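Worksheet for the structure shown next.
As the structure is a computational prediction, the values presented were derived from the model and not from experiment. So that the names make sense, note that chain A is the first sequence line, chain B the second, and so on, each numbered from 1.
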Amino acid sequence: EAQVTQNPRYLITVTGKKLTVTCSQNMNHEYMSWYRQDPGLGLRQIYYSMNVEVTDKGDVPEGYKVSRKEKRNFPLILESPSPNQTSLYFCASSFREGYEQYFGPGTRLTVT
Amino acid sequence: RKEVEQDPGPFNVPEGATVAFNCTYSNSASQSFFWYRQDCRKEPKLLMSVYSSGNEDGRFTAQLNRASQYISLLIRDSKLSDSATYLCVAPAQGSGTYKYIFGTGTRLKVLA
């Protein structure tokens, strides 16, 4: 089954404790992306990658890191999480830029 | 002006009604557009892609007006199951960059 998977689905952590949210797709897509969704602000792009080893900032990259060492994986790293990073996070992938994206199920992160 | 703007609603309509949403975008170079449906706290699911003047899929029709820089979504014969938030997406592309910009969504409630 073609899909985008994310783990964990729910995470509660404390300020400053490094964490990684994994994202994987099995569709051989070139473009992958991370979004956060907050009430009243909609989905905002954090980082994206147009291919292996090619990543770029979205609209809200501060406090996040990403890497794209393999085509299928695109982990999101929070080196020192803060409470303002409490949000619902989605990973998405598309065949390439300009095509429709397919979303993972989301990760609900709470930073206390 | 926001890059992608939508009326947040909610639009409350009776079953069987026809309802239309508009979405305006600011980047005149945008080539491809998308409508997604999102149920509460779930991942966005692709409803329709719009690459030229419009697209139709059953009860759903999307139209693109490049001169006025808006796309519309028309839902005919509304069902209770159409109740959701509808997200409009337009790209922001530059030299070697490609971002997807989401509107904040329009809420639809279909009433029995």
Side-chain angles (χ1 to χ4, degrees), chain A residues 2-7 9-10 21 23 25 27 29-51 53-61 66 86-110, chain B residues 2-10 21 23-27 29-52 55 57 60 62 64 71 73 84-107:
Chain A
Q3 59 182 350
V4 179
T5 56
Q6 294 179 230
N7 281 292
R9 295 288 312 279
Y10 302 91
V21 185
C23 173
Q25 50 92 6
M27 296 171 278
H29 283 173
E30 289 188 357
Y31 189 102
M32 295 186 74
S33 184
W34 276 102
Y35 296 87
R36 60 177 290 173
Q37 187 171 33
D38 303 288
L41 297 177
L43 277 150
R44 293 179 293 166
Q45 199 168 26
I46 302 170
Y47 268 96
Y48 65 94
S49 167
M50 290 203 281
N51 215 325
E53 303 291 2
V54 179
T55 63
D56 208 346
K57 296 177 182 177
D59 290 328
V60 287
V66 292
T86 292
S87 187
L88 177 58
Y89 290 86
F90 290 105
C91 179
S93 75
S94 63
F95 173 66
R96 55 174 300 172
E97 66 274 14
Y99 286 74
E100 62 273 9
Q101 296 177 93
Y102 297 92
F103 284 79
T107 295
R108 187 163 296 278
L109 172 66
T110 302
Chain B
K2 286 184 183 176
E3 290 182 270
V4 178
E5 280 197 87
Q6 295 182 253
D7 182 339
F21 312 134
C23 168
T24 59
Y25 61 94
S26 60
N27 188 338
S30 298
Q31 294 294 313
S32 51
F33 305 86
F34 308 93
W35 282 102
Y36 283 81
R37 170 203 169 116
Q38 186 176 29
D39 295 289
C40 189
R41 298 170 184 263
K42 297 286 185 74
E43 72 271 27
K45 292 195 184 293
L46 180 70
L47 187 63
M48 197 163 293
S49 304
V50 186
Y51 294 107
S52 57
N55 198 358
D57 183 5
F60 299 86
L64 169 62
I71 57 172
L73 178 68
T85 296
Y86 291 83
L87 306 174
C88 167
V89 187
Q93 55 192 109
S95 175
T97 66
Y98 197 100
K99 294 192 264 188
Y100 290 87
I101 310 298
F102 280 74
T104 51
T106 298
R107 278 179 58 206

Worksheet item: Of the backbone (N, CA, C, O) and the side chain (C-beta and beyond), which part of A:Arg96 lies under 4.5 Å from a heavy atom of chain B, both, or neither?
Response: backbone

Fill in: Proximal component of A:Arg108, with respect to chain B [non-hydrogen, under 4.5 Å]
side chain

Practice prompt. Please look at B:Pro44 and chain A and tell me whether the side chain, the backbone, both or neither of the residue comes under 4.5 angstrom of a heavy atom of that chain.
Written response: both

Worksheet item: Using non-hydrogen atoms only, which part of B:Tyr51 is less than 4.5 Å away from chain A: side chain, backbone, both, or neither?
Response: side chain

Response to the item:
Residue from A:Gly106, A:Gly40, A:Gly104 scoring the most non-hydrogen pairs under 4.5 Å with chain B is A:Gly104

Practice prompt. Counting only heavy atoms closer than 4.5 Å, note whether B:Gln6 contacts chain A via side chain, backbone, both or neither.
Written response: neither

Discussion item. Quick check for you: to the nearest 0.5 Å, what is the distance between A:Glu100 atom CD and B:Leu47 atom CG?
Written reply: 12.0 Å

Practice prompt. Please check if the side chain of B:Tyr100 supplies one atom and the backbone of A:Gln45 the other of a donor-acceptor pair under 3.5 Å.
Written response: no

Worksheet item: Stepwise, does the ring-ring contact (aromatic ring centres under 6.0 Å, His included) test hold for B:Phe102 with A:Phe90?
Response: CA-CA 13 Å; B:Phe102 280 74; A:Phe90 290 105; 9.4 Å; no

Fill in: Nearest heavy-atom neighbours spanning B:Ser32 and A:Gly98
OG-O, 3.1 Å

Worksheet item: Between B:Lys99 and chain A, which part of the residue has a heavy atom less than 4.5 Å away: side chain, backbone, both or neither?
Response: both

Item to complete: Side chain from CB out, backbone as N, CA, C, O: work out which of these in A:Gln101 comes under 4.5 Å of a heavy atom of chain B, or both, or neither.
Response: both

Worksheet entry | Short side-chain to backbone donor-acceptor contact, A:Tyr31 and B:Tyr98, under 3.5 Å | yes

Discussion item. Can you tell me which of A:Val54, A:Val4, A:Asp59 forms the most heavy-atom pairs within a distance under 4.5 Å of chain B?
Written reply: A:Asp59

Worksheet item: Which bit of A:Leu43 is near chain B, if near means a heavy-atom gap under 4.5 Å: side chain, backbone, both or neither?
Response: both

Worksheet item: Is it the backbone or the side chain of A:Ser33 that comes under 4.5 Å from a heavy atom of chain B, or both, or neither?
Response: neither

Fill in: Part of A:Tyr99 within contact of chain B (heavy atom distance under 4.5 Å)
both

Fill in: Heavy-atom proximity to chain A below 4.5 Å, by part of B:Thr97
both

Practice prompt. Against chain A, label B:Phe34 side chain, backbone, both or neither, depending on which of its atoms sit under 4.5 Å from a heavy atom there.
Written response: side chain

